[in-house]
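The structure appears below as structure tokens.
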Amino acid sequence: MKPGKTGIYRMIDATGYSVMGLKSAWKSEAEFRQECVMAFVLMITAYFIPVTSIERILMIGSLGLVLIVELLNSAIEAAIDRIGDEWHAYSKKAKDIGSSAVLFSIVLTLFVWVSCVVNIK
């Protein structure tokens, strides 16, 4: 293990890095901002829909998944952009696959929400 902070001090530093990452994503990624706003609205809405606690957890959890996948996609794009501005097939492939992951998470969220809402009696 490399020398440095350990224990609680390392966890505090890691939390700070995570907050900086969220701030960076919020500042530089329009898609992340849009998805955050949509997730916030839908999370509030989930509490007014008459579903079971498990369904509500699935609905809100699926929204969290979209945000997580978007953050990972943004990280992939930033790393690719850091390599260079020139077009390369592998760079395009990496970015397209990351984008596809976001799309799949959104489709999954739609499926969960529709399944839960249609199940209302």
Side-chain angles (χ1 to χ4, degrees):
M1 181 161 80
K2 68 180 180 179
K5 295 181 181 177
T6 60
I8 190 74
Y9 298 108
R10 184 172 183 220
M11 291 173 55
I12 291 169
D13 282 353
T15 301
Y17 299 141
S18 297
V19 170
M20 288 189 314
L22 283 172
K23 286 180 182 178
S24 176
W26 181 265
K27 255 173 67 174
S28 64
E29 299 294 329
E31 296 84 3
F32 181 69
R33 289 191 301 273
Q34 293 165 357
E35 290 162 353
C36 280
V37 169
M38 184 60 69
F40 179 75
V41 169
L42 289 173
M43 284 179 190
I44 302 250
T45 303
Y47 282 96
F48 295 102
I49 299 173
V51 294
T52 67
S53 294
I54 297 297
E55 289 171 327
R56 188 169 291 112
I57 290 167
L58 288 170
M59 293 166 75
I60 293 172
S62 67
L63 295 169
L65 180 65
V66 171
L67 298 179
I68 291 167
V69 174
E70 182 60 50
L71 286 170
L72 292 171
N73 181 49
S74 296
I76 290 168
E77 289 181 352
I80 295 296
D81 290 344
R82 163 67 173 86
I83 293 169
D85 291 337
E86 71 279 354
W87 185 91
H88 193 280
Y90 289 151
S91 296
K92 179 181 179 349
K93 183 177 180 179
K95 288 183 171 191
D96 289 350
I97 291 171
S99 180
S100 295
V102 174
L103 176 64
F104 271 95
S105 69
I106 291 170
V107 169
L108 175 63
T109 298
L110 285 171
F111 174 77
V112 168
W113 277 71
V114 168
S115 297
C116 291
V117 171
V118 168
N119 195 29
I120 296 175
K121 294 175 176 90

Following the transitive rule for hydrophobic clusters with a side-chain heavy-atom cut-off under 4.5 Å over Ile, Leu, Val, Met, Phe, Trp and Tyr, establish whether [X] and [Y] coincide in one cluster.
| X | Y | value |
| --- | --- | --- |
| Val117 | Ile60 | yes |
| Leu67 | Val37 | yes |
| Leu63 | Tyr47 | yes |
| Leu108 | Val66 | yes |
| Val69 | Leu42 | yes |

Checking the side chain of [X] only, and the main-chain atoms of [Y] only, is there a donor and an acceptor separated by less than 3.5 Å?
| X | Y | value |
| --- | --- | --- |
| Ser24 | Met20 | no |
| Arg33 | Trp26 | yes |
| Ser74 | Glu70 | yes |

Mind checking the [atom1]-[atom2] spacing from [X] to [Y]? Nearest 0.5 Å is all I need.
| X | Y | atom1 | atom2 | result |
| --- | --- | --- | --- | --- |
| Leu71 | Ile68 | CG | CD1 | 8.0 Å |
| Ser18 | Met11 | OG | CE | 11.0 Å |
| Leu22 | Tyr17 | CG | OH | 15.5 Å |
| Cys36 | Met38 | SG | CE | 11.5 Å |
| Ile8 | Asp13 | CD1 | CG | 10.5 Å |
| Ile83 | Tyr90 | CD1 | OH | 13.0 Å |

Shortest non-hydrogen separation from [X] to [Y] and the atoms involved:
| X | Y | answer |
| --- | --- | --- |
| Ala94 | Ile76 | O-CG2, 4.1 Å |
| Thr45 | Val41 | OG1-O, 2.8 Å |
| Val51 | Cys116 | CG1-O, 3.9 Å |

Quiz item: Under 6.0 Å from the CE atom of Met43, do we count more than 12 heavy atoms belonging to anything else shown?
Solution: yes
Quiz item: Under 6.0 Å from the CD1 atom of Ile12, do we count more than 12 heavy atoms belonging to anything else shown?
Solution: yes
Quiz item: Heavy atoms, side chains only, cut-off 4.5 Å: are Ile49 and Met59 in contact?
Solution: yes
Practice problem: Give the C-alpha distance, both sets of side-chain angles, the deciding distance and a yes or no for side-chain contact (heavy atoms from CB on, under 4.5 Å) between Val102 and Glu35. | Solution: CA-CA 11 Å; Val102 174; Glu35 290 162 353; 3.8 Å; yes
